[in-house]
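The analysis underlying the following values was restricted to heavy atoms, covering all of them including side chains, and did not include hydrogens, waters or symmetry mates. All of these numbers come straight from a predicted model, not from anything done at the bench. Start at 1 with the first residue, then count along the sequence. Just so you know, ligand 1 is whichever comes first in the structure, and atom 1 is the first atom listed for that ligand.
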Amino acid sequence: MHDSLNQTPQTNPADIRLFEAALNASSNGVVITDNLLPDQPIIYCNRAFEQLTGYQRDEIIGHNCRFLQSGDRDQDARTEIREAIRKGKHCQVEIRNYKKNGEMFWNELMISPVKNDHGDITHFIGIQNDISRRKAAENELAKEKEYLEERVVERTRDIEQSEAYQASIIETIRESLVVIDKDMKVLSVNEHFCKFFKLKSKEIIGQELFTIGDRGQWDIPELKNLLLNILPHNNPFEGFELENEFPRIGRKLLVLNARQVMLKGRYQNRILLAIEDITERREIEQRKEDFISIASHEMKTPLTSIKGNIQLLEKKAERNNDTEYMQGFNKASKSIARLERLIYDLLDVSKIQSGKIEFHFTNFDFDQLVAEAVSGVQAATQTHKLNITGSTNIEITGDYGRLEQVLINLLNNAVKYSPAADEVKVHVSKVSDYVKVAITDSGVGIHQRDHKRIFERFYRAEQITEKFPGVGIGLYVSSQIIKEHKGTLWVESEEGKGSVFNFTIPINKR
Ligand code: ADP
């Protein structure tokens with residue numbers, strides 16, 4: 001041990017050996033510098049210091065501690081150390097030091113002054129601890145934190161952008177949107193709502209929906225009932241038509257959809273109400289309906305007169321045996337019949353629309369109805385043979401004329417849409433308590449996507465519109481007639497492979 005340590009008068013040699021053993025057992029590096037000698041050389045180092053730095057004792061003793069810093073001088077910790085030494089104070093710093101082999105390590109360095117009886121600083125004790133691993137872990141952590149923070153910033157930006165994007169959609173939408181809470185208070189509305197109802201958002205937000213606007217324009221019991229039912233029973237509604245007088249915008253026909261907002265947290269228990277104004281659309285539809293109805297009525301009278309006169313002239317030509325005139329009138333009669341069918345179909349459409357179509361129910365033999373309809377169509381068809389199979393032997397209750405109309409429609413279609421074929425099959429059967437007719441053709445067939453739509457008014461499958469004449473109402477009228485008989489009408493078909501049109505009617509008397 002260094003002399004200056006042995007000089008302490010109060011310590012006996014046994015104690016000193018004990019202290020030295022203790023210091024050598026420490027895992028922290030310990031050095032002592034002499035503050036009274038020039039350049040404050042190291043006068044003691046323990047084993048851990050040798051291990052920590054890789055230097056031998058003889059390379060350490062007599063040196064100033066700065067050799068540990070190698071060339072890495074530009075460190076704030078150095079100023080701190082210098083300052084502490086100057087003021088004779090304790091300090092703790094983390095400083096980059098270098099081992100003998102040049103490897104850098106982070107040194108957690110504690111420096112404490114030792115004073116003599118006069119209060120002069122005679123020594124400094126330095127305790128070193130290699131904290132490189134901790135530093136690396138801290139660095140990793142800091143990097144991870146930085147990365148996470150960047151991700152948070154990125155995500156926030158994404159969310160902000162997506163919110164702005166969605167808000168812009170909501171604002172552009174030509175539908176009024178309202179969000180209400182469980183107490184029916186309005187939380188938000190889009191711009192369209194304010195514009196459409198001529199209300200300012202401050203008149204609406206926070207108000208109970210049924211109280212907004214003038215004279216309780218939203219106080220509609222039926223709507224109230226529907227809305228109040230949404231949250232407790234998760235009972236959304238769609239297509240609720242509402243005709244109402246709104247003081248600032250007049251009478252409007254609206255379609256309302258509403259459902260619970262399916263989000264958790266602070267957005268739950270909210271209702272999104274979407275309001276579409278269909279006033280104009282309905283008016284246009286109505287005008288179209290009216291036009292069809294008026295036009296077909298107006299055409300009926302002159303057509304009846306033309307038909308009557310042609311029949312008279314046809315008879316006269318027959319009497320005169322004038323074959324040329326007879327042929328001409330015969331052709332004209334056929335065209336008149338087609339036109340008449342079209343007009344009656346159109347009249348039926350408007351009657352169905354206005355609910356004015358009438359049915360006259362009687363009891364009759366079902367097989368006979370089919371046979372008569374088939375023979376009627378057969379008489380007008382040279383290209384196809386219509387073959388009936390099966391029978392029901394049953395009397396049903398129905399509107400004979402209307403059911404005959406359905407059969408004629410289906411048979412005419414089967415012939416029309418199978419120009420390359422020469423047969424249409426008609427199968428009649430009794431299935432459970434129903435009578436069933438299946439009309440099979442081997443014609444152009446119908447794509448799956450159109451199987452439902454062909455029963456809509458004026459709908460015609462796209463690929464046939466140019467090749468075949470027609471207006472797309474026969475199946476609509478037929479399906480309404482079958483519906484009135486509590487039966488079903490449907491098609492089974494594949495494009496290019498022919499079609500089977502089926503209907504069933506319950507046998508039970510009405
Ligand atoms: P229209 O024949 O005047 O177009 P319909 O209401 O009778 O009107 O038929 C609607 C549409 O259904 C037709 O335009 C056609 O696309 C399709 N369709 C009806 N019957 C057949 C059939 N037998 N084969 C193929 N397509 C058919």
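- Residue, atom and distance of the protein heavy atom nearest to atom 8 (O) of ligand 1 are Gly472 CA, 3.1 Å.
- Taking the side chain as every heavy atom from C-beta outward, Ile278 and Glu241 approach each other to under 4.5 Å.
- Enclosure of atom CZ in Arg259 is not indicated, since only 12 or fewer non-hydrogen atoms of other residues, nucleotides or ligands lie within 6.0 angstrom.
- Looking at Asp441 against ligand 1, only its side chain comes within 4.0 Å, counting heavy atoms.
- Closest protein heavy atom to atom 2 (O) of ligand 1: Tyr417 OH, 2.7 Å.
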Quick one: do Arg248 and Glu203 satisfy salt bridge (charged side-chain N to carboxylate O under 4.0 Å, His left out)? Show the steps, please. CA-CA 14 Å; Arg248 297 189 198 178; Glu203 294 177 80; 3.0 Å; yes
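- Considering backbone and side-chain atoms alike, Pro469 places every N or O at 3.5 Å or more from each N or O of ligand 1.
- By the neighbour-count criterion of 12 heavy atoms within 6.0 Å, atom CZ of Arg338 is sparsely surrounded, having that number or fewer from other residues, nucleotides or ligands.
- Between His485 and Phe503, the ring centre distance reaches or exceeds 6.0 Å.
- Of all the atoms in ligand 1, the ones that sit under 4.0 Å from a non-hydrogen atom of Lys416 are 1 (P), 2 (O), 3 (O).
- What sits closest to atom 17 (C) of ligand 1 on the protein, heavy atoms only, is Ile454 CG2, 3.8 Å.
- Protein heavy atom at the shortest distance from atom 7 (O) of ligand 1 is Asn413 ND2, 2.8 Å.
- Contact annotation for Val471 and ligand 1: only backbone heavy atoms (N, CA, C, O) come within less than 4.0 Å of the ligand.
- At a threshold of 4.0 Å, the pair Glu245-Arg251 counts as salt-bridged, since one of the basic side-chain nitrogens sits closer than that to a carboxylate oxygen.
- Of all atoms in ligand 1, numbered sequentially from 1 with element shown, those under 4.0 Å from a heavy atom of Gly470 are 3 (O).
- Using cut-offs of 30° and 60° on the angle between ring planes, the pair Phe329 and Tyr325 is tilted.
- Aromatic ring orientation, Trp218 versus Phe246: tilted (interplanar angle from 30° to 60°).
- At the shortest separation from atom 6 (O) of ligand 1 among protein heavy atoms lies Leu475 N, 2.8 Å.
- Closest protein heavy atom to atom 26 (N) of ligand 1: Ile446 CG1, 3.2 Å.
- In the displayed structure, Glu154 atom CD is contacted under 6.0 Å by more than 12 heavy atoms of other residues, nucleotides or ligands.
- Nearest non-hydrogen protein atom to atom 10 (C) of ligand 1 is Tyr459 O, 3.5 Å.
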Show your working on side-chain hydrogen bond (donor to acceptor under 3.5 Å, both in side chains) between Tyr98 and Asp72 and close with a plain yes or no. CA-CA 9 Å; Tyr98 294 82; Asp72 192 359; 2.7 Å; yes
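- Proximity to Ile473 (heavy-atom distance under 4.0 Å) selects the following atoms of ligand 1: 6 (O), 8 (O).
- The protein non-hydrogen atom at the shortest distance from atom 4 (O) of ligand 1 is Arg460 NE, 2.4 Å.
- Salt-bridge annotation for Glu318 and Lys315: absent, with no side-chain N of the basic residue lying under 4.0 Å from a carboxylate O of the acidic one.
- Of all the heavy atoms of Ala461, the ones lying under 4.0 Å from any atom of ligand 1 are found in both the backbone and the side chain.
- Within the structure, ligand 1 has Phe501 among the residues with a heavy atom less than 4.0 angstrom away.
- Ligand-side atoms of ligand 1 in range of Gly445: 25 (C), range being under 4.0 angstrom from any heavy atom.
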